[in-house]
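Every value quoted in this text rests on a predicted model; they were computed, and no experiment measured them. All ligand and atom numbering here is 1-based and tracks the order in the structure.
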Amino acid sequence: MFYIDHMREMFENRFGNLKAFVKTFGCQQNESDSEKICGFFRDIGFSFVDDPIFANLIVFNTCAVRHTAQDRIYGHIGMLKSIKRVNNNIFIIICGCMVELESEKNKILSKYPYVDFVCGAKSFEKFPELLYEHLTGIKIEENYSMSVIQKDKFKAWIPIISGCNNFCSYCIVPYVRGCEVSRKFEDILSDCKKYISNGTKIITFLGQNVNSYDYDGMKFKDLIYEVDKIDGDFTIRFMTSHPKDFTFSLVDTLAKCKHFSKSLHLPIQSGNNRILKLMNRKYTREEYIEKIDYARSKIEGLVISTDIIVGFPGETNEEFEDTISLIEKVRFFSIFSFIYSKRNGTLSATMQDLTKYEEKAKRIDRLINIQNKISEELHSELIGRNFRVFVEGISDEYLMCRTDSNLMVKILNGKNNYEIGNVLYVKIANSGRNALYAKLLEEI
Ligand code: SAH
Ligand code: SF4
Ligand code: F3S
C-alpha cells in the first residue's frame, strides 16, 4: 500500500537506522495489540531494541484500569523527557486505553509536549492510517491489516471478542474499549490452524468476557469445541471468564476437550452479595460457588484463580469478611487483589466512600496473608506428582516453566541447552507459595 511505503521512506529519511522500543502496560488484550503494533512497525522496516535509549521510535501502550497503573505510566512518560533532550529527533507515541480518556489525553498533550502522536484503544485498528494522517495531513480510507509478531513462538494470544458490555460499576474498561464485538468464527479458526501448524503450543483466547462470544449464533463453547478438533500438540487457555456467563454446559464441553488446559480465571471481585449487587456483577456468592463446585466435579485437576477488589465504596468490615470466608471455602490457587480505585465516569465513582485508605490497606494485607497460606498448601499437595511443562524463561539458576494449567514450575538449570518453548516431563520435588520445584523425569 502506497502510504505504508511512504511512511517507511519518511522514517528512513528521518532516522536512517530504524529502531523501535515498544512497552506494554495493562492486560493481555494490550499485549496482543502491541504484537500488532510491532508487526506494523516491522513491516515499515523497524527492528526492536530492549532499551529506549537506543531507539528512535518509542511506543507506550497504556492501561487505565486503576490509578496506580496510570501513575506508573506517567512516571515512564516523564522519563522520556531526558531521552528526548539527548535526541530531539526521537518520535514518541502514546496509545491504548489511557489515551481514550479525554482528560488523560489532554493531560498528555499539554503536560508532555514532547509526545508526538497519541492513538486511543478504540481507534487501534486504524493505527497505521491515523499515524499517516498525523505525519502528512492526508486522510486514508483503506485499512492496513496489521500482522502479528509473536513475542514467544510457542504462545499465541488470539483476541476473540473486543470491548465489554457489562459495565461493572467500578470499571473503566467499557468506556475505553467500547462495546462487545465478536470476531468472525472462521477467522479465529484459521488463526488457530495457522499457529498450531507453525508449532505454537499454547493458544490463549482473549476477551474482557470470553463467555459472551457470539458470532452469528456460534457461542464460546462452539468455538472451543471446534478448535479442540484440530490435530496437533497444543493447549487451549482463555481469559477472562465472567461468572454470570460461565455456564454448566460450557463446563460439560470443556470436560470433553482433550486440549483444554484445565486452568480457569474466574473473577469473583467480592464474597458479599450486597457488594456484588452494587458492583453490578449479576451473580451471587452462592451461584459462584455452585459453578466452581460443578466445574471441579467434572474436570479433575482444574486450577482456578480469581480477582478481588477490596474496599469497594461502602464495604463494611463484615462484608469484607465474607470475601475472606469465600476464599477460605473455594481455595483458589492464586488471587489478584486490588484496592478499589475510583475511576471518574464510572457509576461507583458517585458512591459515598468513607472508609480510609489505611483501613483498606489493612484489609488487603489480611486477604493476601490468608491467600498465601492457601496457595502454599495447594502447591505442597502436588509434591510427588508428574507434569508436562513448557520452558518459558531461562535464568542461570532455573528453567522457569509452566504446566498446561499455568502453574509455575522451577527446575534447577543443569545447563542442558534447553530452549524457551521446549516441552519437558517433570516430577514435583518441592513447593513454595507461588511455584513448584521439580526434577526432570529422565534424570530421576
Ligand atoms: N474483564 C475482566 C478484567 C477486567 S480488569 C473481568 O471482568 O474480570 C482486571 C481486574 O481489575 C478486574 O477483575 C478487577 O478485579 C480489577 N479492577 C477493575 N477496575 C478496578 C477498579 N476501579 N479498582 C480496583 N480494581 C479494579
Ligand atoms: Fe470491567 Fe466488568 Fe467488563 Fe470485566 S466484565 S471489563 S470488570 S466491566
Ligand atoms: Fe487496562 Fe485497557 Fe486492559 S484499561 S486492563 S489495558 S483493557
Within ligand 3, which atoms have a heavy atom of [X] less than 4.0 Å away?
X     : result
Cys97 : 2 (Fe), 4 (S), 6 (S), 7 (S)
Cys63 : 1 (Fe), 4 (S), 5 (S), 6 (S)
Asn30 : 6 (S)

Under 4.0 Å from a heavy atom of [X]: which atoms of ligand 2 are those, numbered in the order shown and with their elements?
X      : answer
Asn166 : 5 (S)
Cys171 : 1 (Fe), 6 (S), 7 (S), 8 (S)
Pro174 : 8 (S)
His242 : 5 (S)
Phe167 : 8 (S)
Val173 : 6 (S)

When you look at Lys219 and Asp222, which way does the side chain to side chain contact (heavy atoms under 4.5 Å, CB included) test go after all the steps?
-> CA-CA 5 Å; Lys219 302 289 168 85; Asp222 304 317; 3.6 Å; yes
Closest to atom 7 (S) of ligand 3 by heavy-atom distance, out of Gln29, Arg343, Gln208, is Gln208
For atom 1 (N) of ligand 1, which candidate among Gln208, Arg281, His242 holds the nearest heavy atom?
-> Gln208
Contact between [X] and ligand 1, counting heavy atoms under 4.0 Å?
X      : answer
Ile172 : no
Gln269 : yes
Ile309 : yes
Val173 : no

Check this for me: [X], atom [atom1], are more than 12 non-hydrogen atoms of other residues, nucleotides or ligands nearer than 6.0 Å?
X      : atom1 : answer
Lys244 : NZ    : yes
Asp50  : CG    : no
Lys194 : NZ    : yes

Suppose I only count heavy atoms of [X] and a 4.0 Å limit; which atoms of ligand 1 are within that range?
X      : result
Pro267 : 8 (O)
Arg343 : 22 (N)
Tyr340 : 23 (N), 24 (C)
Val65  : 5 (S), 18 (C), 19 (N), 20 (C), 21 (C), 22 (N)
Thr240 : 2 (C), 6 (C), 8 (O)
Ile339 : 24 (C)

Report yes or no: does Cys164 have an N/O/S atom closer than 2.8 Å to atom 3 (Fe) of ligand 2?
-> yes
Based purely on interatomic distance, does Asn209 place a nitrogen or oxygen under 3.5 Å from a nitrogen or oxygen of ligand 1?
-> no
Show the nearest heavy-atom pair for residues [X] and [Y], with the distance to one decimal.
X      : Y      : value
Gln150 : Lys155 : NE2-O, 2.8 Å
Lys193 : Ile230 : CG-CD1, 3.7 Å
Ile161 : Ser212 : CD1-OG, 3.7 Å

Where is the nearest protein heavy atom to [atom]: which residue, which atom, and how far?
atom                    : answer
atom 17 (N) of ligand 1 : Arg66 NH1, 3.4 Å
atom 4 (S) of ligand 3  : Ala64 N, 3.2 Å
atom 3 (Fe) of ligand 3 : Cys27 SG, 2.3 Å

Which is it for Val210 and Tyr213 under the side chain to side chain contact (heavy atoms under 4.5 Å, CB included) test, yes or no, and what are the steps along the way?
-> CA-CA 6 Å; Val210 288; Tyr213 177 84; 5.8 Å; no
Give the ring-plane orientation class for Tyr112 versus Tyr74, where under 30° counts as parallel, over 60° as perpendicular and anything between as tilted.
-> parallel
Going through the checks in order, is the side chain to side chain contact (heavy atoms under 4.5 Å, CB included) test met by Phe46 and Phe15?
-> CA-CA 11 Å; Phe46 279 87; Phe15 303 130; 4.2 Å; yes
Would you please determine whether Arg281 falls within less than 4.0 Å of ligand 2 on a heavy-atom basis?
-> yes
May I ask you to identify, for Ser341, whether its side chain, its backbone, both or neither come under 4.0 Å of ligand 1 on a heavy-atom basis?
-> both
Using only heavy-atom distances, determine whether the side chains of Ser348 and Lys342 contain a donor-acceptor pair under 3.5 Å.
-> no
Only one of Ser162, Cys97, Cys164 forms a side-chain contact (heavy atoms from CB on, under 4.5 Å) with Arg177, so which one is it?
-> Cys97
Could you check Glu100 against Tyr175 for side chain to side chain contact (heavy atoms under 4.5 Å, CB included), going step by step and ending with a plain yes or no?
-> CA-CA 8 Å; Glu100 207 49 69; Tyr175 303 90; over 6 Å; no
Value for OH (Tyr3) from OH (Tyr144), rounded to nearest 0.5 Å, stands at 8.5 Å
